[in-house]
Number of protein chains: 2
Amino acid sequence: MFSIGDLSRRTGVKVPTIRYYEQMGLVAAPERSEGNQRRYSRQELDRLAFIRHARDLGFGVEDIRALIDLSGHPEQPCGHADRIAEEQLLSVREKIARLKRLEAELERIASCCGGKTVGDCYVIRALSDHALCTDEHG
Amino acid sequence: MFSIGDLSRRTGVKVPTIRYYEQMGLVAAPERSEGNQRRYSRQELDRLAFIRHARDLGFGVEDIRALIDLSGHPEQPCGHADRIAEEQLLSVREKIARLKRLEAELERIASCCGGKTVGDCYVIRALSDHALCTDEHG
DNA sequence: TGTAATTCCTCTAGTCACTAGAGCTTCAAG
DNA sequence: CTTGAAGCTCTAGTGACTAGAGGAATTACA
């Protein structure tokens, strides 16, 4: 049996976050000690590690809920799980593409500030005048 | 004079967001019509466009506040504006690096699901077992 | 000038995924 | 048997908005 602190150390999920997951229904409410403290089994540790891992990979809570449901029905076809992972991959790729556009724009803005005062600072001018942008961001 | 809707159409900032910015003190409270509706001048349109542009580039509200303060003092040295932009650039680069690690991991997870059912689905297995990861993410 | 459609107003509350803090109780070690 | 860490519940705050209720003002057209 693990205390909530044990669970936290083993999974890297913070204590208040574990309680929050319980409230959200992502993890089941565990047994309690006589003094009303949470006591977890190995199974619950595994589930929390699963959640942690999926969160690290950027899955949202609803995705995770779906994946957990699926993993509880091992006889079902796994197309749904695949689709969730694929969507997450697409979303990550979109974010990367968008951030790269921003990176290019910021490089341009930040690198060529030749002014000594704010009055002729390129950073401020570039932000004031969208027409200076080479690329459509956002 | 522009109504809040005009301003919204011209800058691409949504109406409730403009009111929110006013509440946050990012834009000044404008004049009002006899019937208590907001009436904006050209200057306020420019400032909102500036904010929109900076938000698109991922600057946080506090950064924008600082940049606006700076742009109101054109005689000051612009090192501070430069620094804000540089920091934003670094933060964007970090996000890109992190997302690329996730992308690699997700590609591996999503691409090689050979199972027909959840029971042997690689997506679920990979999430259950961090040891399957090639890379430390998160 | 009338009226109908659109836009505007304020206010509260919700989003996401936590995080922080107050004030109290229980547990484990020495 | 005491002390200090860890646990408990509850409320509220974060960032940057977004949604909705319920009502008032403005604008377009007949």
Side-chain angles (χ1 to χ4, degrees), chain A residues 1-27 29-40 44-45 47-48 50-68 87-88 91-92 95 98 102 138, chain B residues 1-27 29-40 44-45 48 50-68 84 87-88 91-92 95 98 102 138:
Chain A
M1 286 311 218
F2 310 107
S3 74
I4 197 168
D6 291 337
L7 215 64
S8 172
R9 274 183 296 278
R10 280 160 200 262
T11 59
V13 179
K14 288 182 190 161
V15 168
T17 305
I18 297 174
R19 288 197 278 249
Y20 164 78
Y21 285 162
E22 181 182 324
Q23 212 186 311
M24 297 295 97
L26 264 195
V27 297
E31 290 177 48
R32 298 288 182 128
S33 73
E34 280 189 22
N36 198 33
Q37 300 195 354
R38 289 169 178 82
R39 291 292 175 263
Y40 296 92
E44 283 153 320
L45 189 151
R47 164 165 290 195
L48 193 59
F50 179 104
I51 293 171
R52 171 72 209 264
H53 191 180
R55 285 293 303 135
D56 274 354
L57 291 171
F59 289 91
V61 166
E62 288 316 307
D63 287 341
I64 295 175
R65 216 188 286 276
L67 289 169
I68 287 174
E87 271 167 25
Q88 178 59 15
S91 137
V92 165
K95 282 179 193 156
R98 177 171 156 73
L102 298 191
Chain B
M1 287 310 216
F2 310 107
S3 74
I4 197 169
D6 291 338
L7 215 64
S8 173
R9 274 182 295 278
R10 280 161 201 262
T11 60
V13 180
K14 287 180 191 160
V15 168
T17 306
I18 297 174
R19 289 197 277 250
Y20 164 78
Y21 285 161
E22 181 181 324
Q23 213 185 310
M24 299 294 99
L26 264 195
V27 298
E31 292 176 46
R32 297 289 181 128
S33 72
E34 280 188 20
N36 198 35
Q37 298 195 356
R38 289 169 179 81
R39 292 292 175 262
Y40 294 93
E44 283 153 321
L45 188 151
L48 193 60
F50 178 103
I51 293 171
R52 170 72 209 263
H53 192 179
R55 285 294 301 135
D56 275 353
L57 290 171
F59 289 91
V61 165
E62 288 315 307
D63 288 341
I64 295 176
R65 217 188 285 277
L67 289 169
I68 286 173
I84 291 170
E87 270 167 25
Q88 178 58 16
S91 134
V92 165
K95 282 178 193 155
R98 178 171 156 73
L102 297 192

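Note that the structure is predicted; figures quoted are calculated from it, not measured. Chain letters run A, B, ... following the sequence lines, proteins first, then strands; residues in each count from 1.
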When you measure from the side chain of [X] to the backbone N and O of [Y], does any donor-acceptor pair fall under 3.5 Å?
{"X": "B:Q88", "Y": "B:L57", "answer": "yes"}
{"X": "B:R39", "Y": "B:F2", "answer": "no"}
{"X": "A:T11", "Y": "A:L7", "answer": "yes"}
{"X": "B:R52", "Y": "B:D56", "answer": "no"}

Look at the side chain of [X] and decide which nucleotide, out of [options], has an atom nearest to it.
{"X": "A:S3", "options": "D:dT9, D:dG7, C:dA17", "answer": "D:dG7"}
{"X": "A:T17", "options": "D:dC8, C:dT19, D:dG7", "answer": "C:dT19"}
{"X": "A:Q37", "options": "D:dT26, D:dC8, D:dC17", "answer": "D:dC8"}
{"X": "B:P16", "options": "D:dT18, C:dC9, C:dC8", "answer": "D:dT18"}

Check the distance between [N]'s [atom2] and [X]'s [atom1] and give it to me in whole angstrom.
{"X": "B:I51", "N": "D:dC17", "atom1": "CD1", "atom2": "P", "answer": "10 Å"}
{"X": "B:I4", "N": "D:dA24", "atom1": "CD1", "atom2": "C1'", "answer": "15 Å"}
{"X": "A:R19", "N": "C:dG21", "atom1": "CZ", "atom2": "P", "answer": "15 Å"}
{"X": "A:R65", "N": "C:dC16", "atom1": "CZ", "atom2": "P", "answer": "10 Å"}
{"X": "B:L26", "N": "D:dA16", "atom1": "CG", "atom2": "P", "answer": "9 Å"}
{"X": "B:E22", "N": "C:dC11", "atom1": "CD", "atom2": "P", "answer": "12 Å"}
{"X": "A:D6", "N": "D:dA5", "atom1": "CG", "atom2": "C1'", "answer": "13 Å"}
{"X": "A:I18", "N": "C:dA20", "atom1": "CD1", "atom2": "P", "answer": "15 Å"}

Problem set entry | Salt-bridge present (A:E62, A:R65; N to O < 4.0 Å) |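 Answer for the salt bridge query: yes.
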Problem set entry | Check ion pair B:R10-B:D6 (N to O, under 4.0 angstrom) | no
For this session: Have a look at A:R38 and tell me which of A:R19, A:M1, A:E31 forms a side-chain contact (heavy atoms from CB on, under 4.5 Å) with it.
Result: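 With A:R38 as partner, A:R19, A:M1, A:E31 yield a single side-chain contact (heavy atoms from CB on, under 4.5 Å), made by A:R19.
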Are any of [X]'s side-chain N or O atoms less than 4.0 Å away from OP1 or OP2 of [N]?
{"X": "A:Y21", "N": "C:dC18", "result": "yes"}
{"X": "B:S33", "N": "D:dA25", "result": "no"}
{"X": "B:R32", "N": "C:dT10", "result": "yes"}
{"X": "B:R55", "N": "D:dG15", "result": "no"}
{"X": "B:K14", "N": "D:dT18", "result": "yes"}

Exercise. Per the end-axis method with five pairs at each terminus, what is the bend angle of the helix from C:dT1-D:dA30 to C:dG30-D:dC1, to 10°?
Worked result: 10°
Problem set entry | Along DNA chain D (nearest heavy atom to each residue), the more 5'-positioned of B:E34 and B:E62 | B:E62
Problem set entry | Toward the 5' end of DNA chain D, by each residue's nearest nucleotide, A:R39 or A:Q23 |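 Closest to the 5' end, via its nearest nucleotide, is A:R39.
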Exercise. Does A:S8 reach the side chain of A:V13, with side-chain heavy atoms less than 4.5 Å apart?
Worked result: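 No, every pair of side-chain atoms sits at 4.5 Å or beyond.
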For this session: May I ask you to say what A:R9 touches in the nucleic acid, namely base, sugar-phosphate or nothing, with a heavy-atom cut-off under 4.0 Å?
Result: nothing
